[in-house]
Each structure stands twice: as C-alpha cells, then as structure tokens.
Amino acid sequence: MEFKDHVCELLNTIDACQVFFDITVNFDLTRNYLDLVVTYTTLMIILSRIEERKAIIGLYNYAHEMTHGASDREYPRLGQMIVDYENPLKKMMEEFVPHGKSLSDALISLQMVYPRRNLSADQWRNAQLLSLISAPSTMLNPAQSDTMPCEYLSLDTMEKWIVFGFILCHAVLNSDAAALSLWKLALQSSTCLCLFRDEVFHIHKAAEDLFVNIRGYNKRINDIRECKEQALSHAGSMHRERRKFLRSALKELATVLADQPGLLGPKALFVFMALSFARDEIIWLLRHADNIQKKSTDDFIDKHIAELIFYMEELRAHVRKYGPVMQRYYVQYLSGFDAVVLNELVQNLSVCPEDESIIMSSFVNTMTSLSVKQVEDGEVFDFRGMRLDWFRLQAYTSVSKASLGIADHKELGKMMNTIIFHTKMVDSLVEMLVETSDLSIFCFYSRAFEKMFQQCLELPSQSRHSICFPLLCTHFMSCTHELCPEERHHIGDRSLSLCNMFLDEMAKQARNLITDICTEQCTLSDQLLPKHCAKTISQAVNKKSKKATGKKGEPEREKPGVESMRKNRLLVTNLDKLHTALSELCFSINYVPNLVVWEHTFTPREYLTSHLEIRFTKSIVGMTMYNQATQEIAKPSELLTSVRAYMTVLQSIENYVTIDITRVFNNVLLQQTQHLDSHGEPTITSLYTNWYLETLLRQVSNGHIAYFPAMKAFVNLPTENELTFNAEEYSDISEMRSLSELLGPYGMKFLSESLMWHISSQVAELKKLVVENMEVLTQMRTSFDKPDHMAALFKKLTSVDSVLKRMTIIGVILSFRSLAQEALRDVLSCHIPFLVSSVEDFKDHIPRETDMKVAMNVYELSSAAGLPCEIDPALVVALSSQKSGHCNNIHCLAKAINQIAAALFTIHKGSIEDRLKEFLALASSSLLKIGQETDKMTTRNRESVYLLLDMIVQESPFLTMDLLESCFPYVLLRNAYHAVYKQSISANA
C-alpha cells in the first residue's frame with residue numbers, strides 16, 4: 001500500500017509540474033519514469049496472479065491483531081485494493097487517464113531509438129554493425145553517438161515500456177501515428193514479455209481482451225490480431241537470423257580485441273552494444289522456447305546458442321582484464337575533451353541560474369582535475385556523486401517553469417549523456433557488464449539451461465564452447481536483492497549444483513573420448529604383439545607352394561600401420577573424429593584455470609584429472625581380463641603393452657589441457673602396487689598374486705607343471721587333462737620382467753609375502769612331523785657315525801614321504817620367487833642402475849661379524865631391490881610369525897633346505913654354518929650307508945639323491961665343495977652324474 005501511495009503521489013507531482021520527457025535528452029529521468037510505470041504495472045499483475053491472496057492478507061491481519069492487539073489500520077484499504085485490482089490492467093487503464101500526456105510523451109520519444117534497434121539481421125549486415133575492420137581508416141576513432149546510453153539500452157526493456165505504456169494510455173494510439181507505429185512494431189517482435197524472472201505476460205491475448213470492451217476499438221483489435229499472426233510466423237526466424245549474425249559479429253569483435261586490447265578504449269561502446277544485443281536475443285529465445293504458441297518449434301531450438309554465450313563471456317573477460325586500459329583512455333578523454341566542450345556549452349548558455357551554474361561548474365572542475373597518474377597509482381574512482389547531480393539537474397530543468405529548460409538546450413543533455421557514459425567507463429565497468437550482459441535469468445529456467453548444455457555437448461563443433469555454461473553460473477548471484485536475503489542461499493546452492501554438474505559432465509565426456517582413443521590405440525598396439533606374426537610368417541613360407549598349385553590363396557592379412565596410409569585428405573577415420581572432438585572439448589576445459597561461484601572456487605581441470613584417475617584404475621584392472629570362474633588372466637607382457645599404449649594416450653592429453661598427467665600415473669599406478677586400491681577394490685597386484693599362487697603353483701604341486709632351471713621357466717607336462725594355459729607363457733623371464741614392471745617393488749614385495757605365507761603354512765606342517773619324530777631325530781643326530789644304528793633309526797621315522805612332498809612344495813615356491821626376484825632386479829637395473837649398484841655394493845661388503853638385526857635390515861633393502869641374499873628376510877619374517885627340472889620338482893629341495901635352514905637358524909639365534917655342517921655330516925653318513933645296501937627299494941634313485949646333496953652345497957652360501965669332499969667322496973658324485981645322464985638318454989629313447 002505504501003509503495004502504491006508513493007507511486008501515485010509521484011505520478012501526480014510529475015503531471016502537475018508538466019515534466020518534459022525525451023529519452024534522447026534527459027535519459028536518466030525518462031528511463032526511471034518509464035521503469036517506475038512498468039514496475040508498478042507488473043507488481044499489480046503479479047499480485048493478481050496469487051491465488052490465495054485474500055487468505056494471505058487475512059492471515060496477516062489476524063497475526064497483526066494477535067501481536068499488537070489491534071488490526072492493521074491499512075487493512076481495509078489493502079482489502080479493497082485486492083478487490084479493485086482483480087483485473088489489474090483494466091483498473092490501471094482508468095487510473096492512468098490523468099497521466100496519459102506525460103506517459104505518451106515519454107513513450108513517443110522512443111521513436112528515435114526503438115525502430116533503429118529493432119532491425120533485421122540483413123539490415124545489420126548491410127550496415128556492418130559492430131565491425132571494427134569494415135573501415136580500417138576509422139578504427140582508432142572513438143565510437144560516437146548523440147544517444148550514447150540508448151545504444152546499449154535493452155530491447156526487452158523498451159518493448160515492456162511500449163506494450164504496458166500504450167495499454168495504460170491507449171487513447172494516444174488513435175491520435176498519434178508515431179505511437180501506433182511503435183505499438184505495432186513491439187507487437188510484431190514478441191508474443192510474450194517477462195514480468196518477473198520466469199513469469200511471462202502474453203501480449204496479444206491480454207491486449208485484445210482489454211480493447212474488446214472499448215467502443216470504437218475494432219481497428220485496434222484487428223491490428224493486434226494482424227501483429228500476432230506476424231509475430232507467430234516471422235518473429236522466430238527474424239530472431240534466429242539475428243543470433244546467427246551476432247555469433248559472427250561477436251567472434252570478430254572478440255578476436256580483434258584479444259589481439260589489440262587498446263581498441264577497447266575508443267570502441268568500448270561497440271562492446272557494450274554487442275553484449276546488450278546478444279543478451280536480448282538469448283533472453284528472447286529462452287522466454288519464447290518455454291512459451292511456444294506455434295506448432296513448428298525449429299525457430300526456438302538453437303544448437304549454436306552456446307557459441308553466442310561463449311563470445312559474450314569472452315568480451316566480458318576482455319573488459320575485466322583490460323579495465324585499466326579503458327580507464328586510462330577515458331580519464332584522458334574526460335579531462336582533455338569532454339571538460340572543454342562542456343565548459344564552452346555552459347559559457348554559451350543565454351540563461352543559467354545560480355544553482356544550475358554551480359552544478360555545471362562542479363562537473364567541469366571534476367573532469368579537469370583527472371590525470372593518468374591516478375590510474376597508474378591504482379586510485380579508486382567514484383563518479384556516483386557527479387551522476388546523481390546530473391540526475392537532479394535533469395529534474396530541475398525538465399519542469400515546465402524551469403528558467404533553464406533542457407527542452408530548449410538538447411545539445412547540453414546529449415553532451416552530458418555522453419559524459420556520463422565516459423565516467424562509467426572509468427569507475428563502473430562491473431556494473432556496466434551486469435547491466436548489458438547479465439544472464440542470471442537462466443537460474444529460473446533450469447530445465448532449458450540443462451537441455452542447452454546437453455545439446456552443446458552432443459554437437460562436436462559446439463563442445464569447445466561448453467565452458468560458457470559453468471561461467472553463466474557466476475551470474476546467478478546478481479539476481480539476488482538485499483530486500484530478500486533469504487533467497488541468497490537458495491540461488492547460491494542452485495548455482496553451485498549446476499556449475500558442479502556442468503563441469504562433471506564435461507569431464508565425463510572428455511574421459512569417454514579419451515577411453516575410446518585408448519581402446520583404439522590398445523587395439524593397434526595389440527597388432528604388434530609377437531603372437532600375431534606367426535600367420536604372416538606362415539603365409540610367406542607357403543607363398544611359393546600356393547603359386548605352384550595355382551590355387552587362389554587366402555587374402556593377405558593387413559599389416560600393422562595400414563591405418564596411417566591415406567588415399568586423400570578427405571578420408572577421416574574414427575580415431576580422427578575422436579581426436580577432433582577431444583581437442584574441442586579440452587579447449588573448453590582449459591579455457592579458464594578456475595572460476596568463482598558464490599565464493600566457491602571451481603577448477604575444471606581437476607574434474608578431468610579425478611575422472612581420468614578413476615577410469616585409468618578401472619581400465620588397468622579390466623585389461624587383466626581376469627575370470628575367476630575359468631581362472632584365465634592376461635599375460636603380463638600383453639597387459640604391459642596395453643598399459644603403455646593407454647599411458648601414451650594420456651600423456652598426449654597434456655597437449656590439450658594443462659594438467660599434470662604424471663600425478664595421475666603416480667596416484668593410479670602406486671595404488672595398483674598395493675593389495676587394494678583407495679576404494680577397497682582389488683588391484684592387478686592382488687589379481688596376479690592370487691592367480692600365480694592359486695592357479696600356476698597349485699598345478700605345479702599337482703604334477704601338471706615342472707620347473708626347468710635351464711629355461712628359467714615353469715613348463716607344462718604332458719597329462720591326460722590338458723591345462724587351459726601354457727605355464728611357460730606366464731613364467732618365462734620376459735613375462736616375469738613384465739610382471740615386475742607392472743607391480744613394481746611394492747607389488748613384488750606383496751607377491752613375496754604371499755609366497756612366504758604359503759611356505760610358512762608348509763613349515764608349520766613340517767614342525768608337526770618333526771614333533772612326531774622328535775625322539776628318533778634326536779637319537780639320529782648323535783648316532784650319525786654309527787651306520788647300523790642309523791639304518792635302524794631311519795626305519796622308525798614316520799611320514800617321510802610327506803616331509804619330502806612338503807619340502808618340494810617349498811622349493812617350488814622359492815624357485816618361483818627366485819625368478820620373480822631376478823626379474824625385479826633386471827627391471828630396476830634398467831630404471832635405477834646407480835641406486836641398485838649402491839644397494840648391491842652395500843650388501844656385498846657387510847662384515848660377517850655385523851649384528852644380525854643390522855644385517856637383516858640390509859638384507860631387507862637388498863631383497864626389495866631383487867638382489868639374492870644369504871638369508872631371505874621375507875622368509876624370516878614369515879616363519880618368525882609362527883610363534884605357536886625334474887618332472888617331480890625334486891631339484892627344488894636344494895633351495896628349500898638352504899633357505900628354510902638359514903631362516904630358522906636366524907630366528908632361533910643359532911650358528912647357520914655350524915648347523916648346516918652338522919646337516920651335511922648327517923646326510924653324507926646316511927647316503928654312504930645307502931651305498932652299502934643291497935635292497936632295491938632302499939637304493940632306488942640313489943644317484944639322484946647324491947646329486948641333490950651336491951645341489952644343496954652349490955646353492956648354499958654357507959657350505960663349500962671342500963667341506964663336501966671331506967665327508968663325501970667326489971668320485972661317487974661323478975659316477976652319479978654319469979648314471980643319471982645315461983638313464984635320461986634311455987628314457988627319452
């Protein structure tokens with residue numbers, strides 16, 4: 001009610017003073033007057049749309065009565081107003097009859113501005129509107145106009161003034177041709193106007209409903225209907241062509257200004273005109289696409305809208321970045337030109353009252369005192385006082401009885417409007433950007449906003465502009481108002497969620513493109529694997545014979561690299577399309593390092609980095625092709641090839657986006673060396689460890705696979721049930737090196753620890769057997785020099801075969817670990833040769849008398865580098881935690897006995913050398929006793945056992961051949977080698 005009373009009082013005062021309105025002269029006064037009328041009208045329309053308005057004011061009055069003990073004294077008037085304004089426009093048409101003269105004068109002054117702004121794209125194109133390079137000779141000349149503030153005045157705002165204004169003072173449409181012309185032009189341009197945010201006003205229907213009840217308005221009603229048809233049939237295409245023109249015009253403007261930012265000074269007006277024109281077209285499309293009144297919707301779907309918004313953002317960025325350039329230019333302009341011209345105009349005034357003279361003089365003095373040094377010193381300018389004084393002066397000089405009437409001195413008004421624009425270029429650039437290019441209205445069209453974004457991503461040529469959508473989220477807070485602070489959190493949260501969603505979708509799209517490229521590259525890399533050359537070799541060998549027979553041979557297989565041969569430049573492969581799409585999208589992600597939305601900083605590149613990390617992790621695990629049901633897994637060498645191809649593609653991303661891809665590699669690959677990744681998912685380390693233990697080594701224990709030291713690999717044995725994999729293809733030296741490359745020292749350490757856990761479980765079982773035979777073993781230890789007694793004791797031993805089997809299993813596991821350690825050493829020697837040589841030197845020169853704890857630390861370091869140690873630290877750790885080939889792999893016993901003995905005697909603080917010498921004495925005594933036996937079962941495989949003793953000594957770092965010869969004749973070993981060789985020859989025959 002208070003607002004309504006103040007508006008009515010002000011309008012009556014304006015009428016009484018017979019104020020002169022002309023948008024081209026007293027711009028601020030006329031604009032604010034028209035804004036007041038439109039704001040008042042829209043408020044009343046919106047109020048009438050609240051369905052429960054009577055109940056709301058009733059509740060308000062009841063609450064007031066409960067709080068203050070009496071009704072609100074304005075309540076009866078408020079209630080009456082609600083009733084009177086059921087049909088707000090009809091009531092206001094009656095209310096505005098006295099104000100018709102002032103309102104119509106203000107509206108008719110738009111005839112010099114609105115028709116010039118509401119031109120077709122062809123007219124703009126012919127006039128080369130907004131072009132800086134159309135006339136190179138005038139490029140440095142300042143952009144001038146007699147109506148500077150009108151040039152970037154919003155077309156949307158003017159149409160609201162015209163439509164609502166002429167509805168309120170409709171009588172002038174019958175008497176003034178200029179008024180009728182403006183009215184028709186506005187009706188032909190749009191079908192609806194914005195009342196507030198996403199609330200719209202359907203022009204033609206409302207106007208027709210109002211005029212149908214007025215006698216003699218049939219002609220006006222026919223005009224409305226004709227304009228509606230015109231708007232429905234032509235407005236969409238007209239605005240589409242405008243957007244098309246503005247895309248190219250803004251692109252040219254942004255490109256020229258990026259190269260020559262100094263032109264922002266003289267051509268600042270062009271920038272703000274371009275922003276205002278583009279903003280008007282975008283808002284028009286947004287409003288009409290949501291309120292379509294025709295069947296064909298093609299004119300309201302613009303897949304290139306992102307490009308227009310992007311160039312707007314680019315121009316805004318130029319203005320913010322080069323603000324000091326513009327300040328420097330306009331400070332000199334104000335002091336060197338505007339002050340002089342204004343001073344001359346004031347001097348030439350025939351009549352100038354004292355008050356007006358003081359204000360004018362203050363303008364001249366303010367401008368004269370400006371200097372470039374103020375800009376260089378970073379001084380903050382503030383011309384708000386000067387602009388407010390000019391507003392007051394417009395009010396003083398626009399009343400009918402003013403001594404100095406601005407109607408008689410229009411040149412003064414136009415000059416001051418230009419000066420005011422120049423002052424805004426110095427101290428109000430941010431406010432100017434908000435005034436001309438604010439698109440916060442997207443906040444209230446979320447569905448359309450998201451749909452435009454999706455269309456942008458789907459079109460590869462537009463994806464480079466997709467960053468404009470997150471940038472638009474920075475506008476949202478400008479639509480908040482201090483009178484409604486509760487909205488800030490709601491709008492702020494919406495801006496954050498939309499910005500986050502847009503950046504996340506962009507990163508996902510880029511990630512998907514990168515994944516597709518990686519898949520293609522992995523396929524190409526796979527073609528170069530050795531396994532694919534067999535067919536080519538076979539074809540080459542059989543080529544001659546096939547020609548001789550005259551049969552048509554198989555079509556030649558395409559060789560790797562054929563995809564790079566192009567017959568012409570027009571041939572585009574899928575990989576080309578993916579790279580093009582990726583480069584376009586990455587341009588967008590890389591466009592800004594970060595953006596601030598409601599005091600939150602977003603970094604687009606980090607979104608891409610995080611998505612790449614997640615996808616790289618999943619891809620590496622996926623490329624192992626591990627099938628738990630069939631126990632199938634990719635060969636380490638093939639996985640390594642695929643991972644390297646993947647990494648090569650990811651490294652190339654640095655050419656498109658400024659991201660640290662090495663950080664991605666470190667985060668992902670280091671996680672893959674652990675048992676589980678950061679999300680608790682299995683890694684390639686756990687998959688390969690599980691496969692080698694549960695599949696390969698288990699088949700070794702089952703007798704289907706044997707270890708061949710000469711080949712340094714496990715090999716399949718011919719059996720009834722053929723295995724689904726070839727053990728040699730997973731355990732030879734090249735595969736183990738590939739495994740070491742993939743798992744790294746950490747992963748290989750985990751593999752070793754897992755192997756040692758299995759050994760420790762076997763040792764636990766052995767301990768149980770030792771406990772069972774403890775008494776006999778103790779006697780044998782003291783009776784090794786009594787052959788007859790030893791033979792009798794040996795027969796008392798139980799589960800001898802079980803001991804042999806378990807020791808063999810331990811030997812097999814240790815042999816596999818030896819292969820893995822050797823492969824790790826080879827890999828690390830290539831990557832870090834100096835560090836490995838330093839560790840090796842440190843290990844080799846550790847004194848014998850060194851404390852065992854210190855020695856174990858050195859051995860642990862050496863073992864982590866893949867170096868063989870006298871005492872295996874991993875085995876020591878595994879066993880200390882237990883505080884409670886030949887086809888049968890018997891040759892692995894030597895490694896098992898040596899390493900188990902070293903580990904156990906280290907744990908139990910015994911002398912390893914002394915204990916092993918004792919073992920050698922016992923073993924040699926027993927073997928010599930076997931030599932005297934005549935029983936065939938007892939002497940079975942006697943020569944092989946002799947060789948096993950020799951292998952134990954050769955494997956041991958603590959025993960020597962001299963020591964062996966002292967207790968076991970070498971002639972027996974020589975004869976054993978000869979016998980075993982002869983036996984193998986006869987077996988093969």
Side-chain angles (χ1 to χ4, degrees), residues 23-24 27 109-159 162 178 181-182 184-186 188-190 230-231 234-260 263-285 299 302 304-305 307-309 311-312 314-316 318-319 414 417-418 421-422 425 432 435-437:
I23 196 79
T24 62
F27 174 82
S109 72
L110 291 170
Q111 66 181 322
M112 297 298 294
V113 180
Y114 180 67
R116 193 172 73 220
R117 279 291 311 277
N118 197 3
L119 298 175
S120 68
D122 287 335
Q123 290 171 302
W124 280 354
R125 202 171 281 112
N126 293 334
Q128 293 186 314
L129 188 72
L130 304 175
S131 177
L132 297 182
I133 57 177
S134 60
S137 59
T138 61
M139 192 178 284
L140 295 177
N141 295 352
Q144 291 281 22
S145 169
D146 287 340
T147 54
M148 289 285 264
C150 297
E151 302 304 328
Y152 56 86
L153 184 59
S154 169
L155 192 69
D156 188 52
T157 300
M158 285 193 278
E159 285 179 353
I162 291 167
S181 175
L182 286 173
K184 283 184 177 181
L185 192 55
Q188 290 169 5
S189 298
S190 304
Q230 182 79 4
H234 296 102
S237 57
M238 181 183 75
H239 284 276
R240 185 188 66 235
E241 289 302 313
R242 280 190 193 170
R243 292 193 300 275
K244 185 178 177 182
F245 167 78
L246 286 171
R247 280 200 302 273
S248 59
L250 264 68
K251 182 180 181 180
E252 178 193 301
L253 193 60
T255 306
V256 173
L257 292 176
D259 186 60
Q260 298 293 331
L263 289 175
L264 276 167
K267 303 300 182 183
L269 181 62
F270 278 17
V271 173
F272 291 107
M273 284 171 63
L275 289 172
S276 181
F277 289 8
R279 195 264 306 268
D280 283 336
E281 293 307 315
I282 291 166
I283 290 177
W284 186 95
L285 176 67
D299 292 334
D302 190 347
H304 298 85
I305 193 72
E307 187 176 352
L308 183 57
I309 299 171
Y311 293 130
M312 283 183 69
E314 202 158 14
L315 287 176
R316 284 167 60 93
H318 289 332
V319 171
K414 291 175 180 179
N417 287 337
T418 302
F421 173 76
H422 292 168
M425 295 299 98
M432 281 292 290
E435 182 184 341
T436 56
S437 61

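The residues of the chain are indexed from 1 along the displayed sequence. Everything numeric here is computed off the predicted structure, so don't read it as measured data.
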Side chain to side chain donor-acceptor pair (under 3.5 Å) with Glu241: which residues, sequence neighbours excluded? none
Quick check: are there more than 12 heavy atoms from other residues, nucleotides or ligands sitting under 6.0 Å from CE of Met238? yes
Using 0.5 Å steps for rounding, measure from the CD1 atom of Ile282 to the CD1 atom of Ile305. 4.5 Å
Full working for side chain to side chain contact (heavy atoms under 4.5 Å, CB included) between Tyr114 and Leu155: CA-CA 7 Å; Tyr114 180 67; Leu155 192 69; 3.6 Å; yes
Mind checking ring pair (Phe, Tyr, Trp, His ring centres under 6.0 Å) for Phe277 and listing every partner two or more places apart, or none if nothing turns up? Trp124
Between Arg279 and Asp156, does a salt bridge (Lys or Arg N to Asp or Glu O under 4.0 Å) hold up when you go through it step by step? CA-CA 9 Å; Arg279 195 264 306 268; Asp156 188 52; over 6 Å; no
For residues 132-151, the ring-ring contact (aromatic ring centres under 6.0 Å, His included) pairs (sequence neighbours left out) are none
Residues at least two apart in sequence or cross-chain that pass salt bridge (Lys or Arg N to Asp or Glu O under 4.0 Å) with Asp302, listed by chain then number, are Arg243, Arg247
Not counting sequence neighbours, list each pair that qualifies as a salt bridge (Lys or Arg N to Asp or Glu O under 4.0 Å) and has a residue in residues 134-150. none
Does NZ belonging to Lys251 count more than 12 external heavy atoms closer than 6.0 Å? no
With sequence neighbours excluded, what pairs up with Thr436 under the side chain to side chain donor-acceptor pair (under 3.5 Å) test? none
By ring pair (Phe, Tyr, Trp, His ring centres under 6.0 Å), which residues pair with His422, not counting sequence neighbours? Tyr330, Tyr333
When you compare the side chain of Gln144 with that of Thr418, does any pair of heavy atoms fall below 4.5 Å? yes
Please step through side chain to side chain contact (heavy atoms under 4.5 Å, CB included) for the pair Met432 and Phe421, ending with a clear verdict. CA-CA 10 Å; Met432 281 292 290; Phe421 173 76; 3.9 Å; yes
How would you list, by chain and number, every residue that makes a salt bridge (Lys or Arg N to Asp or Glu O under 4.0 Å) with Arg316, sequence neighbours excluded? Glu313
Would you say Leu129 and Leu119 make side-chain contact, with heavy atoms under 4.5 Å? no
Going by heavy atoms in the side chains, are Cys150 and Ile23 under 4.5 Å from each other? yes
Residues in salt bridge (Lys or Arg N to Asp or Glu O under 4.0 Å) contact with Glu281, at least two apart in sequence or another chain: Arg242
Listed by chain and number, what are the salt bridge (Lys or Arg N to Asp or Glu O under 4.0 Å) partners of Glu252, not counting sequence neighbours? none
Side chain to side chain contact (heavy atoms under 4.5 Å, CB included) partners for Ala127, two or more places apart: none
For the residue pair Arg116 / Thr147, report whether a side-chain donor-acceptor contact shorter than 3.5 Å exists. yes
Would you please say whether a donor-acceptor pair under 3.5 Å links the side chains of Tyr152 and Glu435? no
Got Leu182 and Pro115 here, is their nearest side-chain heavy-atom distance under 4.5 Å? yes
Would you say Ser276's side chain and Met273's backbone share a donor-acceptor pair under 3.5 angstrom? no
Closest non-hydrogen atom pair between Ser189 and Ala235, with its separation: O-CB, 3.6 Å
Whether the Asp299 and Ser237 side chains hold a donor-acceptor pair (N or O, under 3.5 Å, no angle test) is what I'd like checked. no
Give, for atom CD of Gln123 and atom CG of Asn118, the distance between the pair rounded to the nearest 0.5 Å. 9.5 Å
Run the ring pair (Phe, Tyr, Trp, His ring centres under 6.0 Å) test against Tyr311 and tell me which residues pass, sequence neighbours left out. His465
Reported CG-to-OG1 distance for the pair Asn417 and Thr24, which is rounded to 0.5 angstrom: 8.0 Å
